[in-house]
Colleague: 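Handing you a structure now.
FYI, side chains are in, hydrogens and waters are out, and symmetry mates aren't considered; it's all heavy atoms of this structure. This one's a predicted model, so the numbers in the text were calculated from it and none came from an experiment. Letters go in sequence order (proteins before strands), and every chain restarts at 1.
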Amino acid sequence: MPDLLDPVAPDAVRETVVAWFDVHARDLPWRAPDRTPWGVLVSEVMLQQTPVVRVEPAWRAWLARWPEPADLAAASPADVLRAWDRLGYPRRALRLQDCARALVERHGGQVPDDEEALLALPGIGSYTAAAVRAFAFGRRSVVLDTNVRRVLARVAEGVALPAPALTVGERRLAEEYVPADDAGAARWAAASMELGALVCTARAPRCGACPVADACAWRRAGS
DNA sequence: CTCCTGGGTT
DNA sequence: AACCCAGGAG
């Protein structure tokens with residue numbers, strides 16, 4: 001039985017958040033069993049600054065049209081831009097195509113599961129590289145987006161919001177929370193992100209619906 | 001580190 | 001109409 005009163009027990013927090021995720025996870029197409037690494041990569045790039053509701057239809061159309069990196073690599077930039085439609089930040093669409101070309105040239109049209117190789121791709125930074133590894137390949141990685149940062153800041157550090165820039169200590173804390181095994185790490189990544197997106201939101205957090213409210217250092221400090 | 005992006009929020 | 005955001009790039 002996990003001790004939920006200990007705010008710095010990563011094991012207990014992890015298990016509780018993952019159990020919550022098992023019940024409350026949104027069923028998004030890029031999480032479906034038939035997902036592909038390319039589909040996951042595309043979803044992460046689209047999601048970088050566009051809400052889920054708008055990404056979903058665009059993602060379906062995109063993957064139907066360009067199911068493999070090679071398909072996108074061969075498309076005309078005008079078509080790519082048109083298909084990107086209202087997702088915003090059109091340069092990201094062009095970068096995604098650059099990424100597809102790089103996948104064809106360097107990786108035989110496949111998405112690599114190696115962190116270094118992923119990071120070297122256009123438009124893929126530390127967040128997306130880690131996310132693709134975890135969500136596409138089920139591999140262990142430290143996925144640290146603003147959602148996870150905020151959850152950790154509150155639950156573990158007792159502050160409302162994380163520092164403006166990622167600190168060394170923050171990365172180490174995040175590392176402590178990631179289980180040693182691949183599957184566990186991937187589940188924690190998805191679960192902690194989902195908690196940040198649905199419950200532990202930046203403004204108006206829904207602490208009443210939070211599975212780890214009792215263990216949350218921020219809440220215990222008087223929220 | 002700072003800058004950049006355009007949609008979302010206030 | 002400012003200001004914020006979130007991730008990548010330089």
Colleague: Any base atoms under 4.0 Å from A/S126, or only sugar-phosphate, or nothing? Heavy atoms, all strands.
Modeller: sugar-phosphate
Colleague: What's the closest nucleotide to the side chain of A/R95 if the choices are C/dA9, C/dG7, B/dC1?
Modeller: C/dA9
Colleague: Between A/L166 and A/P90, which residue's closest nucleotide on DNA chain B lies nearer the 5′ terminus?
Modeller: A/L166
Colleague: Whole angstrom is fine here: how far is it from CG in A/L47 over to P in B/dG7?
Modeller: 17 Å
Colleague: Tell me the interatomic distance from A/M193, atom CE, to C/dA6, atom C1', rounded to whole angstroms.
Modeller: 12 Å
Colleague: Can any side-chain N or O of A/E194 pair as donor or acceptor with the backbone N or O of A/R26 at less than 3.5 Å?
Modeller: yes
Colleague: Just call it for A/R203: base, sugar-phosphate, or nothing, with non-hydrogen atoms closer than 4.0 Å on any strand.
Modeller: sugar-phosphate
Colleague: Without swapping roles, check the side chain of A/R187 against the backbone of A/V18 for a donor-acceptor pair under 3.5 Å.
Modeller: no
Colleague: Between C/dG7 atom C1' and A/L144 atom CG, what is the distance in whole Å?
Modeller: 13 Å
Colleague: Check the distance between C/dG8's P and A/D98's CG and give it to me in whole angstrom.
Modeller: 15 Å
Colleague: Does a side-chain N or O from A/R91 land closer than 4.0 Å to OP1 or OP2 of C/dA9, or not?
Modeller: no
Colleague: Could you pull out the closest heavy-atom pair between A/W188 and A/P179, with the gap in Å?
Modeller: CB-CD, 3.9 Å
Colleague: Mind checking whether A/W62 and A/W66 have parallel, tilted or perpendicular rings, split at 30° and 60°?
Modeller: perpendicular
Colleague: Take atom CG of A/L41 and atom P of C/dG7, then tell me their distance rounded to the nearest Å.
Modeller: 15 Å
Colleague: Between A/T146 and C/dC5, is there a side-chain N or O to OP1/OP2 distance below 4.0 Å?
Modeller: no
Colleague: Tell me the interatomic distance from A/D145, atom CG, to C/dA6, atom P, rounded to whole angstroms.
Modeller: 9 Å
Colleague: Please give, in whole Å, the distance from C/dG7 P to A/L119 CG?
Modeller: 15 Å
Colleague: Would you please confirm or rule out a distance under 4.0 Å between OP1 or OP2 of C/dG7 and any side-chain N or O of A/T128?
Modeller: no
Colleague: Does A/D11 come within less than 4.0 Å of A/R14, counting only side-chain N to carboxylate O?
Modeller: yes
Colleague: Starting from P on B/dT5, measure out to CD on A/Q48 and report it in whole angstrom.
Modeller: 16 Å
